[in-house]
Amino acid sequence: MDMSEKKNLLESVDARTRLAGSNKMEILLFSLGTRETFGINVFKVREVGRTPHITKTPNMPRGVEGLISLRGNVIPVLSLASFLELDNPPAGLGKTMMVAEYSKRTLGFLVHEVDRIIRVDWERVKAPETVLAANQGLITAVIELEGGHLVSILDVEQILANAFGEAIIIDIAPARVEEEVSIFFVDDSIVARKKISEVLDKLGVKHKHATNGMEAWTRLQAIAAHAQQMGKSLRDEIRLILVDAEMPEMDGYVLTKNIKGDARFEGVPVVMHSSLSSEANRAMGKAVGVDSYVAKFDAEVLADTLRPLLER
């Protein structure tokens, strides 16, 4: 792909907000110089271009190649290949850089080559099998394309945690709720599930979780059916539902539409918690009925968002 094609590659991103609630996603495919193909959600990518001059600085974490100045902002640049166990990776840094936004942080990701954008149904996005466990949980999902070719979706949250360390959660005031109050949350990232659990524990609320949207919807329907059978209000079982936006098999937008379309969940707020922190993504959440939207990952902001919804 030449530079003019790369320049035009992301020009129509704004129009893609129409995908909200359609259970479809658009993936930017790229290579790290091996035969494997990787992908990243288009919504997270701000631009693609040639790798610029990178300024090396001392004491950088492994995999962080240095810093660049991008339109007045200094951002770190990570070599994605250095985090993965690849067979015969090419020498040197990637010749292409993707600039992406994760959790209110702008970063540069070095890759060998960018291919194209594809649109896929979330139903075709599957959780990785144990055969991929060699990459220490860095593959969050796998897509099988026509002809059987596999695309690995990277867990960038885990990569960032490996590079920069996990944020320490300071003291969070507990919520003023009864002991039985419970939250149901769903996230496909191991790092995110761990952090969410820590926040909920500090808030003093019980919690259950699922690892993808389809699993969450199946379990939520079972919980609702049980509450109905017992003649109880569903709010006695689940006070709030916290959903990720991007998940295998069913995304958070479709999950929210399902919840909001089921009368049994009336009065149970849905909060979307996502590393897709742009206004476009907030608009997508609002379009499907999300009650509140929180960008990952600020423990205090998450707690401050959940607390009044739990206490009301």
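Below, all heavy atoms of this structure are taken into account, side chains as well, without hydrogens, waters or symmetry copies.
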- [ ] Enter the distance from E300:CD to R307:CZ here, rounded to the nearest 0.5 Å.
- [x] 9.5 Å
Open item on the list: Just verifying a value: how many Å separate E215 CD and M250 CE, rounded to the nearest 0.5 Å?
Closed with: 12.0 Å
Task: hydrophobic_cluster_shared for V48 and I40, side chain cutoff 4.5 Å - done: yes
- [ ] Check whether the side chains of T106 and R46 place a donor and an acceptor atom closer than 3.5 Å, and report yes or no.
- [x] yes
Open item on the list: For a quick check under 3.5 Å, do D188 and T211 share a side-chain donor-acceptor pair by atom type?
Closed with: no
Task: Centroid-centroid under 6.0 Å between H273 and F297 rings - done: yes
- [ ] Measure the spacing between CZ of R124 and CE of M25 and express it to the nearest 0.5 Å.
- [x] 12.0 Å
Task: Side-chain donor or acceptor of R235 paired with backbone N/O of G267 under 3.5 Å - done: yes
Open item on the list: Nearest 0.5 angstrom please: T37 OG1 to R116 CZ, how far?
Closed with: 8.0 Å
TODO: Compare every heavy atom of P269 with every heavy atom of D291, then report the nearest pair and how far apart it is.
DONE: OD2-CA, 3.3 Å
TODO: Could you grab the distance from atom OH of Y253 to atom CE of M272, nearest 0.5 Å is fine?
DONE: 5.0 Å
TODO: Can you run down the salt bridge (charged side-chain N to carboxylate O under 4.0 Å, His left out) pairs that involve residues 168-181, sequence neighbours left out, and say none if there aren't any?
DONE: R176-E311, E178-R239
TODO: Go through the steps to decide whether E266 and K260 satisfy the test salt bridge (Lys or Arg N to Asp or Glu O under 4.0 Å), and finish with yes or no.
DONE: CA-CA 7 Å; E266 186 175 351; K260 293 298 183 179; over 6 Å; no
Task: Minimum side-chain heavy-atom gap Y293-T305 below 4.5 Å - done: no
Open item on the list: If I compare all heavy atoms of L309 with all of L240, which pair ends up nearest, and what's the gap?
Closed with: CB-CD1, 3.5 Å
TODO: Check S79 against E65 and note the closest heavy-atom contact, atom names and distance.
DONE: CB-OE2, 3.4 Å
Open item on the list: Going by side-chain contact (heavy atoms from CB on, under 4.5 Å), F38 matches just one of V151, D115, L154. Which one?
Closed with: L154
Task: Chi angles and distances behind the side-chain contact (heavy atoms from CB on, under 4.5 Å) call for D201, V199 - done: CA-CA 5 Å; D201 288 342; V199 170; over 6 Å; no
Task: Point-to-point distance, once rounded to the nearest 0.5 Å, from CG of L302 to NZ of K202 - done: 13.5 Å
Task: Minimum side-chain heavy-atom gap K296-E157 below 4.5 Å - done: yes
Task: Non-hydrogen atoms of H207 and F185 that approach each other most closely - done: ND1-CE2, 3.9 Å
Task: Cluster link L78 to V191, ILVMFWY, side chain under 4.5 Å - done: no
Open item on the list: Please determine whether side-chain contact (heavy atoms from CB on, under 4.5 Å) holds for the pair H149 and L145, giving the CA-CA distance in whole Å, both sets of side-chain angles, and the decisive distance to 0.1 Å.
Closed with: CA-CA 5 Å; H149 189 71; L145 303 181; 4.3 Å; yes
Task: side chain to side chain contact (heavy atoms under 4.5 Å, CB included) against K206, all qualifying residues, sequence neighbours excluded - done: S182
Task: V142 side chain near L150 side chain, heavy-atom distance below 4.5 Å - done: yes
- [ ] Apply the test side-chain contact (heavy atoms from CB on, under 4.5 Å) to residues R105 and F164: give CA-CA distance (whole Å), side-chain angles for both, the deciding distance (0.1 Å), then the verdict.
- [x] CA-CA 12 Å; R105 172 189 268 174; F164 301 109; 3.3 Å; yes
- [ ] Might you point out which heavy atoms bring S69 and G72 nearest each other, and give the distance in Å?
- [x] OG-N, 4.2 Å
- [ ] Using atom types as modelled and distance alone, determine if a side-chain donor or acceptor of D187 lies under 3.5 Å from a backbone N or O of A192.
- [x] no
Open item on the list: Contact between V45 and V99 at the side-chain level, heavy atoms closer than 4.5 Å - yes or no?
Closed with: no
TODO: Please name the pair of heavy atoms, one in L255 and one in G213, separated by the smallest distance, quoted to 0.1 Å.
DONE: CD1-O, 4.0 Å
Open item on the list: In the structure I gave you, are the side-chain heavy atoms of I27 and I117 within less than 4.5 Å of one another anywhere?
Closed with: no
- [ ] List the steps, then state whether side chain to side chain donor-acceptor pair (under 3.5 Å) holds for H112 with T96.
- [x] CA-CA 6 Å; H112 181 71; T96 301; over 6 Å; no
Open item on the list: Same cluster or not: I238 versus V290, using hydrophobic residues (I, L, V, M, F, W, Y) connected whenever any side-chain heavy atoms lie under 4.5 Å apart?
Closed with: yes
Open item on the list: Taking the side chain as everything from C-beta on, heavy atoms only, tell me whether S152 gets closer than 4.5 Å to E36.
Closed with: no
Task: Same cluster (ILVMFWY, side-chain, under 4.5 Å), M230 and F265 - done: no
Open item on the list: Measuring only between side-chain heavy atoms, which start at C-beta, is P248 closer than 4.5 Å to K126?
Closed with: no
Task: Beyond-backbone contact of V181 with L310, side-chain heavy atoms, under 4.5 angstrom - done: yes
Open item on the list: Does H226, at its NE2 atom, have more than 12 non-hydrogen atoms belonging to other residues, nucleotides or ligands within less than 6.0 Å?
Closed with: no
Open item on the list: Please evaluate residues F83 and R62 with respect to the criterion side-chain contact (heavy atoms from CB on, under 4.5 Å), reporting the C-alpha separation (whole Å), side-chain torsions for both, the decisive distance (0.1 Å), and the verdict.
Closed with: CA-CA 8 Å; F83 292 93; R62 183 184 72 84; 4.2 Å; yes
